[in-house]
Amino acid sequence: MEPLYKPDGVEARWQKTWEEEGLYNAEADDHRPTFVVAHPPPNVTGELHTGHALQLSLADALVRYHRMRGFNTLFQPGYDHAGIATQNAVEKHLVAEGTTRQALGREAFEQRVWEWLHEYGGKIMVQFRRMGASMDYRRERFTMDEPYVRAVMHFFVHLYRKGWIYRANRIINWCPHHETSLSDLELVHVELDDALTYVLYPFADGSGGGVTIATARPATILGDVAVAVNPGDERWKDAVGRDVIVPFVERPVPVIADDRVDLDFGTGALKVTPGHDPLDFEIGRDHGLDEPMVVGWDGRMSEAAGELAGLTQAEADKRILAWLRERDQLVKREPYRHAVALCERCETRIEPLISLQWWCSMSELKEPALEALRERRVRYHPESQHRFAVGSLEHAPDWNISRQIWWGHQLPLWYCPDGHITVEETEPGRCADCGSSELTRDRDVLDTWFSSALWPFATLGWPEDTPDLRAYYPGSLNTTAREIIRLWENRMIFTGLELVGDVPFSDVIIHTTVLAPDGRRMSKSLGTGIDPVEIIDRYGTDATRYGLLKLTSGQDVRFSYGAIDEGRKLANKLWNVSRLILSNTSGARHGARPKETVEGWILARIEQARTELEEHLGAYDFAGAVNLLYHLTFDDFCDWYAEAIKPRLYDGDGEAQATALAALERLLKLLHPVLPHVTEEIWTNLPDRKTRLIVAPWPEPDSAHAGDPGALDRVKEAAEIFRRSGVRVPLEGEQLRIFEAVVKPERQKANGNAEAEIERLRGEIARAEKMLANDRFVANAPAQVVEAERGKLERYRRELETLGGAAESL
RNA sequence: GGGCGCAUAGCUCAGCGGGAGAGCGCCCGCUUCACACGCGGGAGGUCCCUGGUUCGAUCCCAGGUGCGCCCACCA
């Protein structure tokens with residue numbers, strides 16, 4: 001064993017061994033209680049980022065903890081086909097080759113996606129292994145696998161037959177680049193410096209005057225069908241019911257009243273363009289207005305724009321502004337900063353357009369899920385996210401499930417020439433209505449999240465009634481980021497209840513968002529991302545896991561190499577204290593034989609730590625857990641215990657050796673879920689190992705050492721006092737030996753002084769005496785607080801006596 | 001605009017009603033046979049501000065300020 005622990009070789013070797021020996025495997029016929037984590041399937045084109053690494057660290061720590069505790073553990077790996085994200089990645093690749101998706105055509109394009117995935121996809125599973133994620137990699141699933149596709153089709157047909165899937169012409173978010181609709185959740189908003197244009201719409205009766213509106217998109221004036229004002233707006237009271245003339249197209253439209261119009265924006269008058277604005281669309285529908293679309297699917301002015309057809313919106317803006325200026329109807333133009341919606345994948349500006357799309361009705365589907373959440377059959381951690389989850393589900397709008405991209409699950413809908421629709425899981429021979437065999441399949445594909453929603457059970461073979469499904473559903477835990485709750489978490493819950501009859505998991509951990517060291521979000525485009533593989537290369541996997549878990553305290557936390565380095569130090573420390581013990585215990589017997597105070601003390605400390613660690617892990621307090629492990633190892637095990645027993649180890653004291661091995665064995669078990677590799681490596685070097693640590697049983701409660709581990713307190717305190725003061729040791733027997741071992745190295749040169757320490761103690765004593773002399777304190781403070789204060793006072797007096805006596809004796 | 005979170009040592013963060021802490025960084029001393037990626041010692045803090053509750057507030061409450069994340073159709 002080398003003095004410096006080098007993780008690279010060790011970690012790779014264990015990752016290989018654990019997997020090859022089948023220790024990650026989950027078997028459905030294993031009848032122990034289950035612990036199941038269906039890990040979020042990353043995009044098949046994705047690479048590990050810091051969020052993934054954090055998520056894996058905490059999930060794997062819990063998986064390993066439960067595996068040791070005897071659970072039949074399934075940690076499910078896999079990928080998502082990630083519709084637009086993947087299509088976008090492959091399209092970029094095609095551009096580099098000098099071609100386009102359109103030039104290839106749909107079938108050839110799909111073929112290229114598969115080829116591309118075989119070549120470049122799947123990288124992340126290698127990275128998962130490098131994180132030490134103890135997943136059953138035999139069970140890797142992909143949402144485009146044939147059985148998974150069948151599950152998706154089954155789901156669609158199920159919903160359709162229940163009457164919850166319908167087609168409607170509504171305003172949607174259209175990405176002109178991807179030529180598809182997008183849900184609100186697939187957009188990003190960016191602030192833009194723009195202009196707000198005030199335009200006069202003259203009254204149609206020629207009586208002079210008119211209504212002035214404000215718009216950020218003059219080009220859409222061509223699609224105006226009304227002007228709306230708030231019914232409570234005194235300024236426009238007399239205009240309501242009259243007609244005004246839309247500029248440029250010179251069409252008369254009514255002035256209507258609608259309370260959704262904001263009194264405080266612009267002039268309080270809104271031009272109504274149902275074809276190109278969500279609010280206008282709603283107002284239009286409620287007032288029975290026309291829905292002309294003057295912007296087309298390519299984002300340019302459409303045929304309906306007449307002489308402006310084919311222009312870009314910016315060009316159309318200019319033409320319309322010029323027209324307005326000539327006629328003095330351009331009231332003013334002012335700088336205006338506002339947020340615009342972009343496609344999150346290609347950052348193209350989103351066009352709100354009216355389109356015929358497929359929708360999934362949420363009203364009935366969400367109710368059982370809401371009930372499950374309210375009854376806490378699914379619990380969010382932290383609890384604060386529970387309210388958000390419930391609220392977002394309560395207000396979930398109907399779900400636009402159709403997309404006009406090419407990569408994804410094609411809708412299982414067939415049309416005959418008469419327009420009848422046939423819905424089947426697999427291609428039907430003839431039309432269900434008229435028997436026609438001339439069927440054409442719908443070209444649309446499903447929203448990626450439609451298939452993700454099935455992940456916890458489609459990975460187990462659903463809709464078949466498989467042994468896996470029976471054994472591993474419902475699962476235990478899901479881990480995810482805050483913004484994924486509505487996209488995924490809620491949907492898994494309602495689909496699980498609807499299709500399998502139970503919630504997919506009982507607990508959801510919404511983990512910390514790791515920010516860049518400067519406090520901004522980690523993002524490739526900002527250049528603030530940190531590659532976890534680089535961290536692993538520099539510090540090792542164990543250290544990376546430790547550091548990331550240490551950072552899980554708040555809702556957002558800044559990444560810090562210091563936290564990772566702490567993990568590296570811990571692994572190295574553990575390695576070295578193990579060297580000390582292992583190189584001095586050859587032939588030692590088994591079982592702890594604590595004789596001296598420090599030995600009973602370390603066993604009690606480890607036992608206390610076991611209890612506390614179980615509490616931390618049970619509460620998903622990973623920062624607390626790693627903090628505890630660090631101090632247990634560094635302070636208690638190394639600084640005090642190991643230092644104290646060194647002389648006896650060197651002397652070949654068989655009982656001390658046996659106790660040291662037993663204590664180390666227990667310590668390794670507690671550390672394994674966080675630092676799996678270094679602990680397994682040391683474990684292998686312990687004498688007579690029959691099992692791997694990864695499957696070794698978690699320590700049972702140690703009733704023999706369950707007491708208060710305060711036995712060493714006096715010795716430790718005395719040692720610290722003397723270290724500071726440099727005074728000689730007045731202790732005897734065992735205490736003297738401990739003291740010799742701990743203090744000897746530092747005693748050579750005193751650089752504090754006893755008098756300063758005596759001063760400090762006198763100050764503490766005065767403070768405690770003052771508090772206890774305060775009658776109101778004694779009368780009002782809880783008894784144990786007063787008692788604690790008395791205890792401190794006694795302790796300080798005792799220390800002062802010891803120190804003073806020792807100083808005297810010099 | 002809404003929701004949530006954060007403000008404690010130079011940095012990253014614990015603590016959350018009765019002595020202000022850790023890791024890193026800094027200073028001093030140690031070639032001690034597990035570890036110099038180490039050991040020991042030390043300096044360094046109006047615990048964001050203002051009020052309130054309490055015998056007592058870094059901790060609880062209210063208001064403010066600053067920062068962050070998420071969400072949102074003010075044209």
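Chain A is the first sequence line, chain B the second, and so forth, proteins listed ahead of strands; every chain is numbered from 1.
The aromatic rings of A:H386 and A:Y380 sit perpendicular to each other, their planes meeting at more than 60°, with 30° as the lower class boundary. Ring geometry for A:F265 versus A:Y336: interplanar angle over 60°, hence perpendicular rather than tilted (30 to 60°). Between A:Y620 and A:H381, the ring planes are perpendicular. Angles over 60° get that label, and only those under 30° would be called parallel. Using cut-offs of 30° and 60° for the angle between ring planes, the A:F559 and A:Y561 rings count as perpendicular.
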Dot-bracket for RNA chain B, 5' to 3', Watson-Crick and G-U pairs with both distances under 3.5 Å, [ ] for crossing pairs, | for partner on another strand, reads (((((((..((((....[..)))).(((((.......))))).....(((((..]....))))))))))))....

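Here A:Y630 lies in heavy-atom contact (under 4.0 Å) with sugar-phosphate atoms only. A:I581 comes within 4.0 angstrom of nothing in the nucleic acid, heavy atoms only. Among the atoms of the strands shown, only primed sugar atoms or phosphate atoms (P, OP1, OP2) are found under 4.0 Å from some heavy atom of A:K569. Residue contacts for A:Y198: at a heavy-atom cut-off of 4.0 Å it reaches no nucleic acid atom on any strand shown. A:R486 comes within contact range of the sugar-phosphate backbone alone, with a heavy-atom separation under 4.0 Å but no base atom that close. Within 4.0 Å of A:V272, counting heavy atoms only, lies no atom of the nucleic acid at all. Among the atoms of the strands shown, base atoms are found under 4.0 Å from some heavy atom of A:F265. Residue contacts for A:A214: at a heavy-atom cut-off of 4.0 Å it reaches a base atom on one of the strands shown. At the heavy-atom level, A:R558 lies under 4.0 Å from the strands shown only through sugar-phosphate atoms.
Between the CZ atom of A:F559 and the P atom of B:rG68 there is a distance of 20 Å, rounded to whole Å. Rounded to whole Å, atom P of B:rG5 lies 8 Å from atom CD of A:Q385. Rounded to whole Å, the distance from CH2 on A:W575 to C1' on B:rC35 is 12 Å. Between A:Y336 atom OH and B:rC73 atom C1' the separation is 11 Å, expressed in whole Å. A:I283 has its CD1 atom 10 Å from the C1' atom of B:rC73, to the nearest Å. Protein atom CG of A:L582 is 14 Å distant from nucleotide atom C1' of B:rC35, rounded to whole Å. Separating the CG atom of A:L279 from the P atom of B:rA72 is a distance of 16 Å, rounded to the nearest angstrom. With rounding to whole Å, A:D565 atom CG is found 9 Å from B:rG38 atom P.
Between B:rG64 and B:rA72, the two C1' atoms lie 26 Å apart (nearest whole Å). Separating the C1' atom of B:rG51 from that of B:rA57 is a span of 13 Å, rounded to the nearest Å. Nucleotides B:rC61 and B:rA22, compared at atom P, are 28 Å apart to the nearest Å. Taking the P atoms as reference points, B:rC6 lies 15 Å from B:rG17, given to the whole Å. A gap of 23 Å separates the C1' atoms of B:rU12 and B:rC70, to the nearest Å. When the C1' atom is compared between B:rC47 and B:rU58, the two are found 4 Å apart, to the nearest whole Å. Of the P atoms belonging to B:rG10 and B:rG52, the separation is 30 Å, rounded to the nearest Å. Annotation: B:rC26 and B:rG66 have their C1' atoms spaced 29 Å apart (nearest Å).
Ion pairing of A:K646 with A:E643 is present here, as a side-chain N (NZ or NE/NH1/NH2) and a carboxylate O approach within less than 4.0 Å. A salt bridge does not link A:D194 to A:R333: none of the charged nitrogens lies less than 4.0 Å from a carboxylate oxygen.
The side chain of A:R387 places an N or O atom within less than 4.0 Å of a non-bridging phosphate oxygen (OP1 or OP2) of B:rC4. Checking the phosphate oxygens (OP1, OP2) of B:rC39, a side-chain nitrogen or oxygen of A:K573 falls inside 4.0 Å. Between A:S553 and B:rA14, a side-chain N or O to OP1/OP2 separation shorter than 4.0 Å is present. Between A:H338 and B:rA75, a side-chain N or O to OP1/OP2 separation shorter than 4.0 Å is present.
A donor and an acceptor atom never sit less than 3.5 Å apart when one is taken from the side chain of A:E483 and the other from the base of B:rC70.
Using a 4.5 Å cut-off on side-chain heavy atoms (C-beta onward), A:T273 and A:K271 make contact. Counting heavy atoms from C-beta outward, A:I510 and A:F388 have side chains that stay 4.5 Å or more apart.
Nearest-nucleotide positions on RNA chain B for A:F634 and A:L270 put A:F634 closer to the 5' end. When each of A:L551 and A:G562 is assigned the nucleotide of RNA chain B with its nearest heavy atom, A:L551 is the one assigned upstream, toward the 5' end.
With B:rC39, B:rA34, B:rC13 as the choices, the nucleotide that has an atom nearest any side-chain atom of A:A642 turns out to be B:rA34. With B:rU12, B:rG38, B:rC69 as the candidates, the nucleotide lying closest to the side chain of A:D556 is B:rC69. Of the candidate nucleotides B:rA75, B:rG40, B:rC4, B:rC4 has the atom nearest to the side chain of A:Q555. Here the side chain of A:L515 is nearest to one of B:rA75, B:rC69, B:rA34, namely B:rC69. Picking from B:rA72, B:rA75, B:rA34 the nucleotide with the shortest atom distance to the side chain of A:H189 gives B:rA72. With B:rA75, B:rC69, B:rC35 as the candidates, the nucleotide lying closest to the side chain of A:N572 is B:rC35. You'll find that the side chain of A:L580 is closest to B:rA34, out of B:rA34, B:rG23, B:rC69. In the set B:rC73, B:rC70, B:rA22, B:rA22 carries the atom at the smallest distance from any side-chain atom of A:H631.
In terms of heavy atoms, A:L54 sits closest to A:L548 at CD1-O, 3.2 Å.
One finds the CG atom of A:L671 at 4.5 Å from the OG1 atom of A:T633 (value rounded to the nearest 0.5 Å).
Figure legend: cation-pi geometry between A:R486 and A:W449 absent, as NZ or CZ is not positioned both under 6.0 Å from the six-membered ring centre and within 45° of its axis.
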